Amino acid sequence: MSDDKLLIVKDLTTTFATAGGDLTAVANVSFDLERNETLGIVGESGSGKTVLSRTIMGLQPRVNTTVTGSSIIDGFEVVGASEDEKRTIWGTEIAMVFQDPMTSLNPVMRIGKQIDEALRVRLGMNRKDAKARAIELLELVGIPSPVERYNTYPGQLSGGMRQRVVIAIALACSPKLLMADEPTTGLDVTIQAQILNLLDELKERLKMSVILVTHDLGVVATRTSRIAVMYAGRIVETGTTRDVFYHHRMPYTRALLESSPKVSNTSHTRLVTIPGRPPNLLNLSDGCSFAPRCKFATDQCHLVRPELQPSIEPGHSFACWNPLPINAEAVLP
């Protein structure tokens with residue numbers, strides 16, 4: 001593996017066995033992530049973003065789940081590894097910030113003890129050193145009065161403070177890759193900005209890579225170097241952040257951008273929505289999954305699924321039979 005590639009994902013597929021049949025939530029996803037890089041994974045709810053991030057890390061359910069393909073983190077192959085083998089990289093090589101801090105934290109355990117646990121189990125620290133490091137981490141993520149907060153329960157903290165605690169736990173063992181799955185869900189706009197700024201600062205300070213999973217293109221606009229757009233379990237467009245915003249070719253990407261609220265809109269402006277509904281993953285057609293909702297769709301789109309093809313910009317690719325013109329007007333959130 002190249003020294004510059006921290007993560008290599010190749011043909012990663014996750015299928016769940018359900019009462020209605022096999023459901024493929026992630027289908028043949030491939031991408032690389034360089035060291036100290038931030039990648040944004042965007043798409044509607046149900047597009048497969050969270051399942052992809054958990055599969056990359058090896059956190060998928062143990063039963064009724066089939067994973068194929070490859071997810072290599074700094075030389076370690078996650079797919080096919082045992083639970084004990086995966087535990088050797090959780091926390092130290094890769095960690096995750098989950099979208100709901102209240103369900104991520106144990107409500108009956110003090111937050112300091114929850115940070116201690118990772119340090120003592122994964123790094124073998126004694127009780128005294130673990131407490132000192134936990135207080136340092138609380139200070140690192142901007143928790144005021146960290147010594148006093150060490151003995152606080154999660155329910156005594158605001159949503160923003162709880163999310164900072166979750167970030168502290170994720171950073172406890174100095175991971176090389178941080179997965180942030182909708183880290184600002186349920187937080188007001190001001191707190192969202194604080195959490196995202198904190199992740200930016202910590203990335204630079206700790207020299208780690210970040211995968212930022214979100215449905216909000218505005219979140220990734222200025223915080224990522226590359227973006228992968230997902231729909232129905234597949235990547236349908238990927239490229240540099242600038243290419244995806246200014247030179248996007250996939251109509252679904254355009255629809256996501258148009259549906260983002262604009263600061264420039266006048267009061268009471270009606271929000272733009274994407275027509276139709278996301279597809280039923282138990283009953284996908286042979287064609288493009290977005291075709292039933294796309295105004296540019298032709299008969300070919302309904303019959304044959306397009307694969308990713310390169311655009312004129314290096315590293316920019318899209319999956320569409322009738323892509324938007326190269327000089328299409330940019331739509332910014």
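These figures come from a predicted structure and were not determined experimentally. Computation of the quantities below employed the complete heavy-atom set of this structure, encompassing side-chain atoms and omitting hydrogens, waters and symmetry-equivalent molecules.
- Remark: the backbone N or O of Asp243 is paired with a side-chain donor or acceptor of Thr240 at under 3.5 angstrom.
- Phe318 meets the ring-ring contact (aromatic ring centres under 6.0 Å, His included) test with no other residue; sequence neighbours excluded.
- Looking at Trp90, its side chain never comes within 3.5 Å of a backbone N or O of Met96 through a donor-acceptor pair.
- Checked by atom type and distance alone, the side chain of Thr13 never pairs as donor or acceptor with a backbone atom of Thr68 at under 3.5 Å.
- With respect to the salt-bridge test (charged N to carboxylate O, under 4.0 angstrom), the residues Asp200 and Arg223 qualify.
- Under the 4.5 Å side-chain criterion, counting only non-hydrogen atoms from C-beta, Tyr252 is not in contact with Cys294.
- A 4.5 Å side-chain heavy-atom check between Val42 and Val220 finds at least one atom pair inside the cut-off.
- In this structure, the side chains of Leu212 and Leu39 stay at 4.5 Å or more apart for every pair of heavy atoms.
- A donor-acceptor pair under 3.5 Å is absent between the side-chain atoms of Thr65 and the main chain of Arg62, judged by distance alone.
- Residue Phe98 holds its CZ atom at 13.5 Å from CD of Glu182, rounded to the nearest 0.5 Å.
- With hydrogens and angles disregarded, a donor-acceptor distance shorter than 3.5 Å links the side chain of Thr18 to the backbone of Gly20.
- Linking ILVMFWY residues whenever their side-chain heavy atoms come closer than 4.5 Å, directly or via other members, leaves Tyr231 and Val272 in distinct clusters.
- Taking the charged nitrogens against the carboxylate oxygens, Arg35 and Asp74 do have a contact shorter than 4.0 Å, which makes a salt bridge.
- Tyr246 places none of its side-chain heavy atoms less than 4.5 Å from the side chain of Thr241.
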- request: Run the numbers on Phe76 and Ile94 for side-chain contact (heavy atoms from CB on, under 4.5 Å), then give the verdict.
  value: CA-CA 11 Å; Phe76 179 90; Ile94 184 171; over 6 Å; no

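- With hydrogens and angles ignored, the 3.5 Å screen pairs a side-chain donor or acceptor of Lys203 with a backbone N or O of Asn36.
- For the pair Glu37 (side chain) and Ser209 (backbone), a donor-acceptor distance under 3.5 Å is absent.
- Taking the side chain as every heavy atom from C-beta outward, Val78 and Lys86 approach each other to under 4.5 Å.
- Between the Lys49 side chain and the Glu44 main chain, a donor and an acceptor come within less than 3.5 Å of each other.
- Neither side chain, Thr298 nor Gln300, offers a donor N or O lying under 3.5 Å from an acceptor on the other.
- Just one of Lys5, Lys176, Arg226 meets the salt bridge (Lys or Arg N to Asp or Glu O under 4.0 Å) condition when paired with Glu34; it is Lys5.
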query: Going through the distances and angles, do Leu138 and Ile111 end up as a side-chain contact (heavy atoms from CB on, under 4.5 Å)?
result: CA-CA 10 Å; Leu138 290 174; Ile111 62 171; 4.2 Å; yes

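- Dense packing is recorded around CD of Gln60, with more than 12 heavy atoms of other residues, nucleotides or ligands lying under 6.0 Å away.
- Using modelled atom types, one finds no donor on one side chain facing an acceptor on the other under 3.5 Å when comparing Tyr153 with Asn106.
- Formation of a donor-acceptor pair under 3.5 Å by the Thr214 side chain with backbone atoms of Val219 is not found in this model.
- Using a 4.5 Å heavy-atom threshold, the side chains of Leu105 and Arg162 count as touching.
- A 6.0 Å sphere centred on CG of Asp286 holds no more than 12 heavy atoms belonging to other residues, nucleotides or ligands.
- Without hydrogens or angle criteria, Ser71 side chain to Thr55 main chain gives no donor-acceptor distance under 3.5 Å.
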